[in-house]
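Proteins come first, then strands; the chains are lettered A, B, ... in the order of their sequence lines, and each starts at number 1.
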Protein chains: 2
Amino acid sequence: MTIKEVSDKYQLSTDTLRYYEKVGLIGPISKNKSGIRDYKETDLRTIEFVKCMRQANMPIDKLIRYMNLYKEGNKTLEDRKQLLVEQLHKVEKEIQELEKAKERLCYKIDLYDHQLLEKNLSMEKETVL
Amino acid sequence: MTIKEVSDKYQLSTDTLRYYEKVGLIGPISKNKSGIRDYKETDLRTIEFVKCMRQANMPIDKLIRYMNLYKEGNKTLEDRKQLLVEQLHKVEKEIQELEKAKERLCYKIDLYDHQLLEKNLSMEKETVL
DNA sequence: TTACACCATGGAGTAGACTCTAAGTCAAGG
DNA sequence: CCTTGACTTAGAGTCTACTCCATGGTGTAA
């Protein structure tokens with residue numbers, strides 16, 4: 001799979017894909033004789049995971065640490081789990097904050113609806129009189 | 001209320017508070033004869049709103065636009081509501097993504113627990129034999 | 001009155017995560 | 001053969017949102 005296809009599939013720019021590879025988040029991706037990347041199934045799975053974790057706001061350096069632990073094999077299970085647990089807590093906290101903001105937004109939008117209604121009513125009155 | 005007190009109350013650094021004021025997100029804050037800020041009740045309410053919207057990842061320039069509309073008064077009700085509705089959608093989408101990431105994290109943590117269990121069991125066996 | 005923590009300003013610097021540019025290679029179609 | 005478009009690299013540049021710094025004023029407690 002070419003970089004363009006991967007880019008389209010996961011909505012990540014080719015620059016971002018190369019950047020992720022450069023910093024060690026994915027790959028190294030195998031290349032054909034003329035140096036062009038060919039993404040394999042396992043690469044795609046890594047990319048999907050990375051994308052998901054990035055959407056969960058996991059910082060890139062933490063993700064890199066995770067990937068490095070992964071490469072070190074079985075003896076890092078505990079550490080890797082620890083990183084994920086930490087991240088889970090962060091995600092839960094963030095969800096809470098977003099829910100709070102959401103409530104507030106709904107409340108304010110509601111207020112605006114009322115104000116707009118009143119404004120329109122008073123305009124109508126003016127028109128009638 | 002001094003800037004330090006506000007900073008403590010809302011967990012925003014004094015630098016951030018001055019920065020918010022400089023870019024027009026809050027204030028201008030009134031100052032005493034020697035130039036020291038004195039935050040009033042209305043300032044605090046604005047700050048709390050700003051903090052909440054920032055936690056909802058509303059970009060600063062959008063927030064500034066909102067504040068400017070607010071200052072323009074009643075005729076901008078519709079536009080302001082529109083901004084909030086947009087932001088609400090963004091927040092809802094983000095919550096969805098975080099929930100997805102959360103599920104994935106839980107799933108992976110579960111897998112790690114199983115793997116760790118197995119690892120420990122096999123170590124015990126080794127110890128016994 | 002001196003020490004201390006706090007306040008002010010303008011402007012420079014930083015972190016994180018990309019994003020863009022320049023300069024060049026390669027394969028396919030006209 | 002030439003053009004076109006996608007690919008490569010290294011490295012510079014950008015954006016957002018702060019955060020820090022130098023320099024100097026303020027206020028109050030001992």
**Q** Is any side-chain nitrogen or oxygen of B/K4 closer than 4.0 Å to OP1 or OP2 of C/dC6?
**A**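 Looking at the OP1 and OP2 atoms of C/dC6, one of them is under 4.0 Å from a side-chain N or O of B/K4.
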
**Q** Rounded to whole Å, how long is the line connecting atom CG of A/D61 with atom P of C/dG16?
**A**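 Nearest whole value for this atom pair: 6 Å.
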
**Q** Give a yes/no on whether any side-chain N or O of B/Y19 is located under 4.0 angstrom from OP1 or OP2 of D/dC20.
**A**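 Looking at the OP1 and OP2 atoms of D/dC20, neither is under 4.0 Å from any side-chain N or O of B/Y19.
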
**Q** Less than 4.0 angstrom between a side-chain N/O of A/R37 and OP1 or OP2 of D/dT9, yes or no?
**A**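 Answer is yes, contact under 4.0 Å.
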
**Q** Just how far, in rounded Å, is C1' of C/dA17 from CG of A/N57?
**A**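 Taking atom C1' of C/dA17 as the reference, CG of A/N57 is at 12 Å.
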
**Q** Give the rounded distance in Å between these two atoms: CD1 of A/I3 and C1' of D/dT9.
**A**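 For the pair A/I3 CD1 and D/dT9 C1', the rounded distance is 12 Å.
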
**Q** Can you classify the ring geometry of B/Y66 versus B/F49 as parallel (below 30°), tilted (30 to 60°) or perpendicular (above 60°)?
**A**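 B/Y66 vs B/F49 ring planes: tilted.
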
**Q** Could you say whether A/T16 or A/S34 is positioned toward the 5' end of DNA chain C, judged by the nucleotide with the nearest heavy atom to each?
**A**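 Of the two residues, A/T16 wins.
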
**Q** Between C/dC7 atom C1' and B/L17 atom CG, what is the distance in whole Å?
**A**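 Computing the B/L17:CG to C/dC7:C1' distance gives 13 Å.
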
**Q** Does A/T14 reach a base, just sugar-phosphate, or nothing at all? Heavy atoms under 4.0 Å.
**A**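 No contact.
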
**Q** Within this structure, what is the CG-to-P distance between A/D15 and D/dA6, rounded to whole angstrom?
**A**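 Computing the A/D15:CG to D/dA6:P distance gives 14 Å.
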
**Q** Take B/I36 and B/I60, find for each the nucleotide of DNA chain D with the closest heavy atom, and name the residue whose nucleotide sits nearer the 5' end.
**A**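 The 5'-side residue here is B/I60.
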
**Q** Return the value, rounded to whole Å, for the distance between atom CD1 of A/I29 and atom P of D/dC7.
**A**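 Rounded to whole Å, this separation is 14 Å.
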
**Q** Minimum heavy-atom separation for A/K51 to A/Y10, with atom names?
**A**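 Closest heavy-atom pair between A/K51 and A/Y10: NZ-O, 2.9 Å.
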
**Q** For A/Y19, run the side-chain contact (heavy atoms from CB on, under 4.5 Å) check against A/L25, A/I26, A/I60, A/T14 and tell me which one passes.
**A**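 Among A/L25, A/I26, A/I60, A/T14, the one that satisfies the side-chain contact (heavy atoms from CB on, under 4.5 Å) with A/Y19 is A/I60.
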
**Q** Any side-chain N or O of A/R18 below 4.0 angstrom from OP1/OP2 of C/dC18?
**A**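 For A/R18, the contact criterion (side-chain N or O under 4.0 Å from OP1 or OP2 of C/dC18) is not met.
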
**Q** Rounded to whole angstroms, how far apart are CG on A/D8 and C1' on D/dA6?
**A**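 Rounded to whole Å, this separation is 12 Å.
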
**Q** According to a strict under-4.0 Å criterion, is A/K22 in side-chain N/O contact with OP1 or OP2 of C/dT19?
**A**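 No.
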
**Q** Taking atom P of C/dA17 as reference, at what distance in whole Å does atom CZ of A/R54 sit?
**A**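 It works out to 5 Å between those atoms.
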
**Q** For the residue pair A/R104 and B/C52, what are the closest heavy atoms and their distance?
**A**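 Shortest heavy-atom contact: CD-SG, 3.8 Å.
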
**Q** Between A/K33 and A/S13, who's closer to the 5' end of DNA chain C by nearest nucleotide?
**A**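 Its nucleotide being nearer the 5' end, the pick is A/S13.
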
**Q** Just N and O in the side chain of A/Y20: are any of them under 4.0 Å from OP1 or OP2 of C/dC18?
**A**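 Checking A/Y20 against C/dC18: at least one side-chain N or O falls below 4.0 Å of OP1 or OP2.
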
**Q** Which nucleotide, D/dT8, D/dG27, C/dT9, lies nearest any side-chain atom of B/K31?
**A**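 Side chain of B/K31 sits closest to C/dT9.
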
**Q** Looking at every non-hydrogen atom in both residues, tell me the closest pair between A/G24 and A/M67 and how far apart they are.
**A**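 For A/G24 and A/M67, the tightest heavy-atom pair comes out as O-CB, 4.3 Å.
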
